[in-house]
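Heads up: the structure comes next, in structure tokens.
Below, chains carry the letters A, B, ... as their sequence lines are ordered, and counting in each starts from 1.
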Amino acid sequence: MTSHDLTAPTRRVRTRFAPSPTGFLHIGAFRTALFSFLLARRFGGDFILRIEDTDQARLVTNSLADIIGSLLALGIGYDEGPDKASVAALDAEKYGVVDPALLPDHGGDYGPYFQSQRLPRYRELLDQLLEEGKAYYAFETKEDLDRMRKAADIRKEPFRYNGKYRNYPLGEARDRVAGGESAVIRFKMPTDGPIRTVDALRGETVWDARTQDDFVILKGDGFPPYHFSSMVDDHDMAISHILRSEEWISSTPKHVCLFDAFGWEPPIFVHTPNVLGNDRKKLSKRTGAPPVKGTIYKPNGEPVIGLLDQGYLEDAVFNYLSITGWSPGDDTEVMTREEITRRFNLEGISASPALFDRDKLTWLNGVYLRHLSPAALVERALPYLIAAKLLPADPTPSERTYAASVIVLEQERLKTLDEIPGLTDFFFYPLPEYADKSVAKWLKKVGVAEYLTDVAVALGEVENWDAETVETATRGAGEKHGREKGDLTHPVRVAVTGREVGPSLFDAMGAMGSERVLARLAHAVEIARG
RNA sequence: GGCCCGGUCGUCUAGAGGCCUAGGAUGCCUCCCUUUCAAGGAGGAGACCACGGGUUCGAAUCCCGUCCGGGCUACCA
């Protein structure tokens, strides 16, 4: 997998997740966050959440709340990051509101953790680079650049900024800027020779400096772009490992040159493979990649519901995400958070992208659902019943008890919590909805009306109604009609549930109670005769 | 186009020159269990390890080339 010894880091492991609040993140992004979190936990280090809000124009209201809420919901808590005060200082119009209860009182000693609040530090470093002749003001406008790009395109040449202002006197440039002229600052990349970068997963890559150009490190709006701010922060925050998705590989030479210019030791770069959609493209809203929670909308307006809201368990999503793109080295797949944390390592991260496998997630979720205690399952399932209006928003104790007895009957069949209403609705209706096919197959048959009548009579005499007494009574009636196995249960099942599949018939009847069962039987007899 | 990264069953993966006639999981199929479904148990189909050359007694594993897929190529991240 890799030729590098990735174990036993030499300095304190500090990793970071540094999203930009410019939209709602999908699970691919959270997978990267999870790996960062896991690496820090594995080595007893720190996991930092830093918000890269240097692109003020693209800020999306409430995406900050979504990022923090989703991370915390998954159990990916940060040791350092946005706190009550720093979030309160934000412009709520632009950022939206974050529930203060989610935020720590003190964000950490390396803050602020919002890049928009770190401008003075960038300015200081920018000046240093300018003074040292490692960066320069450039006066082209975006339009100028566009023209140059088009011209290069026509000549079929790759576009590289020509470095026109590379040697422009700093004093003159400052005068022009002071005079109100708009400018950017660009970083002087080496003009030739090799640039070496090392990725923990892929080893060394040598880049030809002639393919690089002087990139912008301060935009016209006064904010530095990612290439600058992110690297400065990674250094200032003593980040040991940069885990980021693989589309950053090509800009790594920029980043190492920046570290070099400052004389800083660069962190270890770990480019994690992307999580792909079924189209083998990077997961995106377009392809319907689900968010962790909440709802996002595809470009065509179609809603995509968050995994957690679809009834996937936090633990299952955590587990699934951890094994897509990482393997502990053996065949273990179902692991607790503790086991994942204990076993996580860089060596197990795959260098090739993985497809988001919904089927496997669903299977894993079923495993977790089955491991839930009955009480916990009920707790998690109730909201879905309420949302489906099978239960009132504030159920009475007896409604609750009834719902609970019904929910536990479906535990072994459940794959996602949101299946609960569809699986149990007939328990709540006055009478079930009878599927025509099932009626034709099991009710409208010779002798069924008589059989069901006898079942009703036998059940009517049951004193202590429970699954066991109900079974005895039903079987007694069945034997009288020479019925056994499916012949015995199926007509009754269809009569009381309206369908052919479901939990154990006697358990179901036990939970329903005699009144419901007898009413349904009476109704079914009519259908059978009709 | 240029530069870069990747390529083992449909999917997620194990694999660090002989343990590989390639293992596990998921999905699919069959059977068992069983009042149905599910769960569980037992099987099965499914990968000429992208392709072609080399190195080696021996290669999925090392080297080269090709192809395919993906990423980047912004005053976005």
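Nucleotides B:C28 and B:G71, compared at atom P, are 30 Å apart to the nearest Å. Using C1' as the reference atom, B:G23 and B:C67 are 29 Å apart when rounded to the nearest Å. Between B:U56 and B:A45, the two C1' atoms lie 36 Å apart (nearest whole Å). B:A16 and B:G27 are spaced 28 Å apart, taking the P atom of each and rounding to whole Å. Taking atom C1' on both nucleotides, B:G43 is separated from B:C49 by 25 Å, rounded to a whole Å. Atom C1' of B:U8 sits at a distance of 23 Å from the matching atom of B:C4, rounded to the whole Å. A gap of 29 Å separates the C1' atoms of B:G1 and B:C63, to the nearest Å. Nucleotides B:U73 and B:U11, compared at atom C1', are 32 Å apart to the nearest Å.
Residue-to-nucleotide contacts include no donor-acceptor pair under 3.5 Å from the side chain of A:Thr489 to the base of B:U36. At a cut-off of 3.5 angstrom, counting only N and O atoms as typed in the model, there is a donor on one side and an acceptor on the other between the side-chain of A:Arg413 and the base of B:C37. Donor-acceptor pairing under 3.5 Å, judged by distance alone, is present between the side chain of A:Glu333 and the base of B:G24. Judged by distance alone with a 3.5 Å cut-off, a donor-acceptor contact links the side chain of A:Lys360 to the base of B:C12.
Look at B:C37: it lacks any Watson-Crick or wobble partner with both distances under 3.5 angstrom. Nucleotide B:G2 forms a pair with B:C72, judged by Watson-Crick or G-U wobble geometry with both contacts under 3.5 Å. Nucleotide B:A25 is matched to B:U11 when pairs are restricted to Watson-Crick or G-U wobble geometry with both distances under 3.5 angstrom.
In this structure the side chain of A:Glu140 reaches within 4.5 angstrom of the side chain of A:Tyr165, judged on heavy atoms.
Geometrically, A:Arg176 engages A:Phe139 in a cation-pi contact, judged by NZ or CZ lying under 6.0 Å from the ring centre and within 45° of the ring axis.
An OP1 or OP2 oxygen of B:A77 is reached within less than 4.0 angstrom by no side-chain nitrogen or oxygen of A:Ser230. Remark: A:Lys254 is not in phosphate contact with B:C72, judged by side-chain N or O atoms under 4.0 Å from OP1 or OP2. In this structure, A:Arg186 reaches the B:C75 phosphate: one of its side-chain N or O atoms is under 4.0 Å from OP1 or OP2. Using a 4.0 Å cut-off, some side-chain N or O of A:Arg280 falls inside it from OP1 or OP2 of B:U11. Considering only side-chain N and O atoms, A:Thr54 lies under 4.0 angstrom from the phosphate OP1 or OP2 of B:A77. OP1 or OP2 of B:A74 sits under 4.0 Å from a side-chain N or O of A:Arg149.
Summary of the strand contacts: A:Trp207 and A:Ala18 both lie near RNA chain B, and taking for each the nucleotide with the nearest heavy atom, the more 5' one is attributed to A:Trp207. Mapping A:Val367 and A:Glu471 onto RNA chain B via the closest heavy atom, the residue that lands nearer the 5' end is A:Glu471.
Taking atom CD of A:Glu246 as the reference point, atom P of B:C5 lies 11 Å away to the nearest angstrom. When the C1' atom of B:C76 is taken as reference, atom OH of A:Tyr226 falls 12 Å away, rounded to whole Å.
With hydrogens and angles left out, the side-chain atoms of A:Tyr451 and A:Asp487 include no donor and acceptor closer than 3.5 Å. Between the side chains of A:His271 and A:Arg244, at least one donor N or O lies within less than 3.5 Å of an accepting N or O. In the model, A:Gln212 has no side-chain atom that pairs as donor or acceptor with a side-chain atom of A:Trp207 under 3.5 Å.
A salt bridge is absent between A:Lys437 and A:Glu500: the closest approach of a Lys/Arg side-chain nitrogen to an acidic carboxylate oxygen does not fall below 4.0 angstrom.
In this structure, of B:C75, B:A77, B:U36, it is B:A77 that holds the atom nearest to the side chain of A:Ser20.
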